[in-house]
K.L.:
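Sharing a structure with you now.
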Amino acid sequence: MAAPLYLDANATEPLRPDARAAAIAAMDLLGNPSSVHAEGRAARRMLEAARARLAACFGAAPGDVVLTAGGTEANALAIRGLSVGRRVLAGVTEHPAVLAAAPDAALLPVGGDGVLDLDALRRALAGGPPALVCLMAANNETGVLHPVAEAAALCREHGALLHVDGVQAAGRVPLSLAALGADSLALSGHKLGGPKGAGALLLRPGLGLAPLVAGGGQERGRRGGTEALPALAGMAAAAAAARPEDAARLAALRDAIEAGCLAQGARVAGAGAPRLPNTTSLVLPGVPAETQVIALDLAGVRVSAGAACSSGKVGRSHVLAAMGLGPDAGCAIRVSLPWDAPADAAERFLDAWGAMRARLARGAG
Ligand code: PLP
């Protein structure tokens, strides 16, 4: 039997060889990075090298990189830390990691293509006290890219701070905190092809923030707790190994998948918007996403229904609902190609998808 075809990179990317090697090397280091003796200093050197690598990859100074245990924590740290004395505005299609950290946020609408409505942001910024705006660079379900640099300019004009969730964009499209002109940027190791349980929050120069978890003063007092050196070293190696040149190869596979499915009655959510090269959200009207995911799983093809949900349950996507898909918001699967997608990925996906579609049509007829 053929090996499973893994097309769920937005849930987690396969581990990159460089990341595995860096994580294993870090596991063999004895010291705590905060210890002053030789073993501690060796661990500290490795930690600082990882920090410097992340800073260089994503447009920050090493001293402005706070290492965390994942993207969820990096987002929560930014939102709790930077929202003091500010109201929070968040895109309606943000990840639950952001929405849960800002339960009182006023939600900013998107258009039918899933892209943030900049006029709505402008209006929201014009009235009211200083704000913290939260906007993801790329949506995890549709791959839609938001106009982050434009939003950053608007925020500056109105004295607002902009926090960017860069978890899905990192490693897939060029992403730089400095180039965007944003105030903070959240990253996750396992979406880059690193180990799970590592993340980082990059801050604009001079921007301080209170910790979510205080402790032994690690991360310059911005995040207490001994750093997870193996996961973080692996994350930094993954970031350095990520090749934006892969984009064209993945986009060609993604386009072939879309063309095949469109020809057989599917729709693509966010088709008109700029998107990540590896992601498509395929809507098959009338067929619950869960039915599609299970049928494809049985055929050896791994995809997900919108966002991966910790309960394993499939619900109606808040992202697609916000884009006005109505009842079809429960009928979309997310296909997200990993960095190492095989050359025949589109062909194999379309075989499985076509067989599923034919079976469903027979069942309905
Ligand atoms: N933000 C986005 C856009 C995501 O897609 C995810 C994970 O799916 C997260 C944040 C959370 O990252 P982590 O799994 O590292 O906590």
Side-chain angles (χ1 to χ4, degrees), residues 54-66 68 71 74-95 97-99 101-102 104-111 113-139 144-170 172-187 199-212 220 222 273-274 276 322:
L54 288 171
C57 287
F58 299 107
D64 296 319
V65 175
V66 185
T68 70
N75 277 311
L77 175 61
I79 293 165
R80 301 272 174 79
L82 299 177
S83 64
V84 181
R86 292 175 179 268
R87 63 196 168 114
V88 182
L89 306 174
V92 66
T93 63
E94 293 300 298
H95 190 272
V98 165
L99 296 174
D104 300 325
L107 298 181
L108 301 164
V110 295
D113 60 359
V115 178
L116 178 81
D117 180 341
L118 279 172
D119 287 332
L121 172 61
R122 191 177 289 112
R123 283 194 300 276
L125 286 171
L132 168 68
V133 176
C134 302
L135 181 61
M136 62 199 337
N139 183 267
V144 165
L145 301 174
H146 288 293
V148 180
E150 290 87 334
L154 281 176
C155 286
R156 274 196 304 279
E157 219 175 278
H158 291 90
L161 297 178
L162 176 64
H163 168 64
V164 178
D165 177 351
V167 165
Q168 293 288 350
R172 298 187 176 135
V173 290
L175 184 70
S176 156
L177 176 68
L180 288 173
D183 296 283
S184 59
L185 178 68
L187 304 171
L201 180 67
L202 279 53
L203 296 167
R204 149 180 55 89
L207 188 62
L209 98 186
L212 263 187
R220 300 192 181 182
R222 296 168 298 192
L276 289 175

K.L.:
Given the rule in the side-chain contact (heavy atoms from CB on, under 4.5 Å) test, do L161 and R204 qualify, once you have shown the distances and angles that lead to the verdict?
P.N.:
CA-CA 10 Å; L161 297 178; R204 149 180 55 89; 3.7 Å; yes

K.L.:
If you define the side chain from C-beta out and look only at heavy atoms, does anything of V144 sit under 4.5 Å from V110?
P.N.:
no

K.L.:
Side-chain contact test, heavy atoms from C-beta onward, threshold under 4.5 Å: evaluate it for L154 versus V133 and give yes or no.
P.N.:
no

K.L.:
Checking D119 now: which residues fulfil side chain to side chain contact (heavy atoms under 4.5 Å, CB included) with it, not counting sequence neighbours?
P.N.:
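Result, side chain to side chain contact (heavy atoms under 4.5 Å, CB included) vs D119: D117, R122, R123.
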
K.L.:
Are H146 and V164 close enough, and set up right, to give a side-chain contact (heavy atoms from CB on, under 4.5 Å), and what steps lead you there?
P.N.:
CA-CA 10 Å; H146 288 293; V164 178; over 6 Å; no

K.L.:
Do H163 and N75 get their side chains close enough for a donor-acceptor pair, meaning under 3.5 Å?
P.N.:
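A pair is found: one side chain offers a donor N or O, the other an acceptor, under 3.5 Å apart.
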
K.L.:
Would you confirm whether R172, through its side chain, and A138, through its main-chain N or O, come within 3.5 Å as a donor-acceptor pair?
P.N.:
no

K.L.:
Restricting to salt bridge (Lys or Arg N to Asp or Glu O under 4.0 Å), what partner residues turn up for R87, sequence neighbours left out?
P.N.:
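None.
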
K.L.:
Between atom CG of L203 and atom CG of D183, what is the distance when rounded to the nearest 0.5 Å?
P.N.:
9.0 Å

K.L.:
Which pair of heavy atoms, one from L135 and one from A151, lies closest together, and at what distance?
P.N.:
CD2-CB, 3.8 Å

K.L.:
Which pair of non-hydrogen atoms, one from V98 and one from C134, has the smallest distance, and what is that distance?
P.N.:
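In terms of heavy atoms, the two residues are closest at CG1-CB, 3.9 Å.
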
K.L.:
Indicate the atoms forming the closest heavy-atom contact of T68 with A200, along with that distance.
P.N.:
OG1-N, 3.4 Å

K.L.:
Using every non-hydrogen atom in the two residues, find where L99 and A90 come nearest and quote the distance to one decimal.
P.N.:
CD2-CB, 4.5 Å

K.L.:
Which heavy atom of P109 sits nearest a heavy atom of V92, and at what distance?
P.N.:
CA-CG1, 4.0 Å

K.L.:
With sequence neighbours left out, write down each residue that passes side chain to side chain contact (heavy atoms under 4.5 Å, CB included) with A170, or none if nothing qualifies.
P.N.:
F58, L175, L187, L192

K.L.:
Can you tell me how far the CG atom of L162 sits from the CG atom of L132, to the nearest 0.5 Å?
P.N.:
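The CG atom of L132 is 8.0 Å from CG of L162, to the nearest 0.5 Å.
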
K.L.:
Just wondering, do H95 and M136 contact through their side chains at under 4.5 Å, heavy atoms?
P.N.:
yes

K.L.:
With distance as the sole test, does D64 use its side chain to make a donor-acceptor pair with the main-chain N or O of L202 at under 3.5 Å?
P.N.:
no

K.L.:
How many angstroms lie between CG in N139 and CD in Q168, if you round to the nearest 0.5 Å?
P.N.:
8.0 Å

K.L.:
Considering non-hydrogen atoms only, spot the tightest contact between L89 and L125 and give its length.
P.N.:
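The pair with the smallest heavy-atom distance is CD1-CD2, 4.0 Å.
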
